[in-house]
Amino acid sequence: DRPRRACVPTLKVRHMTQSSPNSLPVSVEFFPPKTPEGVDKLAAVRQQLYAIRPEYCSVTYGAGGSTQEGTLQAVRAILSEGCDAAPHFSCIGASKASVRAELAQFRAEGIQRIVALRGDLPSGYGGLGEFRYASDLVAFIREETGDHFQIEVAAYPEMHPQARNPQADLQAYVTKVKAGADVALTQYFFNSDAYFRFVDEAEALGATIPVVPGIMPITNSSQLLRFSDACGAEVPRWIRTRLEGFGDDKASIQAFGLDVVTELCEQLRSVGVPGLHFYTMNQAAPVLAICERLGLTPADAGLTAS
Ligand code: FAD
């Protein structure tokens, strides 16, 4: 009942002999466009990114179902292009009946992976619904659909911003894994020590699923600082001050960002990670440039990304 379109990163490479550079699985994340022009632009971006042979593409979901149709449309398009695709799916504000209906639709559309999240309610949104945490959603998906779906969940090496403390957040993550998650995707970070400590501590508590680092290319300082403040990702002072020093000089920001993020990926790869998950922000060039520097671009892709 569970044939896979593409292989999943179930093999932990950490502490193992380094595999060949081109074998590190890569996945890419998009958000659903709001306009017809955005849909066309994203289709072109995907075609460019297929050159790095992503394991799958994921598509974000507005909590409360605000992007439901756009998410599904983008997922359908990706599947029709022959690439595996995973809708993000958040449970906050949802009823069990609505989640059940959506899972049935995912199955009918041939979807086999879900990124299962709690999400954040948009301000002004009504009730909390029948799910409190992502772990409730994971358990419900397993109860309703067995092992049909590969379930990916979020992990926060620098702690979820609403958590009481890092220990409570780690325990919440372990609960989510034990509810039936297969893989974790992290919030982005720029400090690899936070990631490795998180993985060690989670493993010590019995949560041994692959934890794929989320990678945010740096292309725009104000956007990066805004997002990071909102999601609790730390931008180290040395990166922040360098970015501020560049002012509006986009070329310098992008060159510096490419160096910093490529070095981070190198560090992660050298110690061993099960893959890299790129937050593309619906842009191809920054991810292609990083992958080209990392030697993750297949030789026959004919790319010159930079
Ligand atoms: P949870 O795992 O439920 O955790 C939420 C908070 O509750 C944490 O502070 C946790 O410590 C606490 N908690 C959990 N379980 C318990 C418990 N049993 N007891 C006490 N406390 C508990 N948002 C979107 O709206 N759409 C998206 O598409 C989307 N995609 C994302 C993709 C990734 C890879 C990541 C890392 C985040 C994404 N987000 C997305 C953001 C995410 O929805 C928010 O960070 C949200 O606030 C938490 O979702 P979660 O699934 O991590 O929640």
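Order of listing sets the numbers, starting from 1, for every ligand and every atom in it.
- In this model, no donor atom of one side chain and acceptor atom of the other lie less than 3.5 Å apart for Tyr56 and Gln150.
- Ranking protein heavy atoms by distance to atom 53 (O) of ligand 1, first place goes to Arg118 CB, 3.3 Å.
- The nearest protein atom to atom 2 (O) of ligand 1, hydrogens excluded, is given as Lys176 NZ, 2.7 Å; this is a heavy-atom distance.
- His88 and Thr60 are not linked by any side-chain donor-acceptor pair at a separation below 3.5 angstrom, with hydrogens and angles left out of the test.
- In terms of polar-atom proximity, Ala134 is counted as a contact of ligand 1, with an N or O under 3.5 Å from an N or O of the ligand.
- With hydrogens left out, the protein atom closest to atom 39 (N) of ligand 1 is Leu117 CD2, 4.2 Å, a heavy atom.
- In summary, the atoms of ligand 1 found under 4.0 Å from a heavy atom of Gln187, numbered by their order in the structure, are 36 (C).
- At least one heavy atom of Asp120 sits less than 4.0 Å from an atom of ligand 1.
- Proximity of the aromatic rings of Phe227 and Tyr279 is defined here by a centroid distance below 6.0 angstrom, and this criterion is not met.
- Between Tyr156 and ligand 1, a contact under 3.5 Å exists for at least one N or O pair.
- At the shortest separation from atom 22 (C) of ligand 1 among protein heavy atoms lies Tyr133 CE2, 3.3 Å.
- Regarding atom 48 (C) of ligand 1, its nearest protein heavy-atom neighbour is His160 NE2, 3.4 Å.
- Heavy-atom contacts of Ala154 reach the following atoms of ligand 1: 35 (C), 36 (C), 52 (O) (cutoff under 4.0 Å).
- Nearest heavy-atom pair across Val235 and Ser228 is CG2-OG, 3.4 Å.
- Taking only non-hydrogen atoms, the option from Phe31, Tyr61, Tyr173, Phe131 nearest to atom 26 (N) of ligand 1 is Tyr61.
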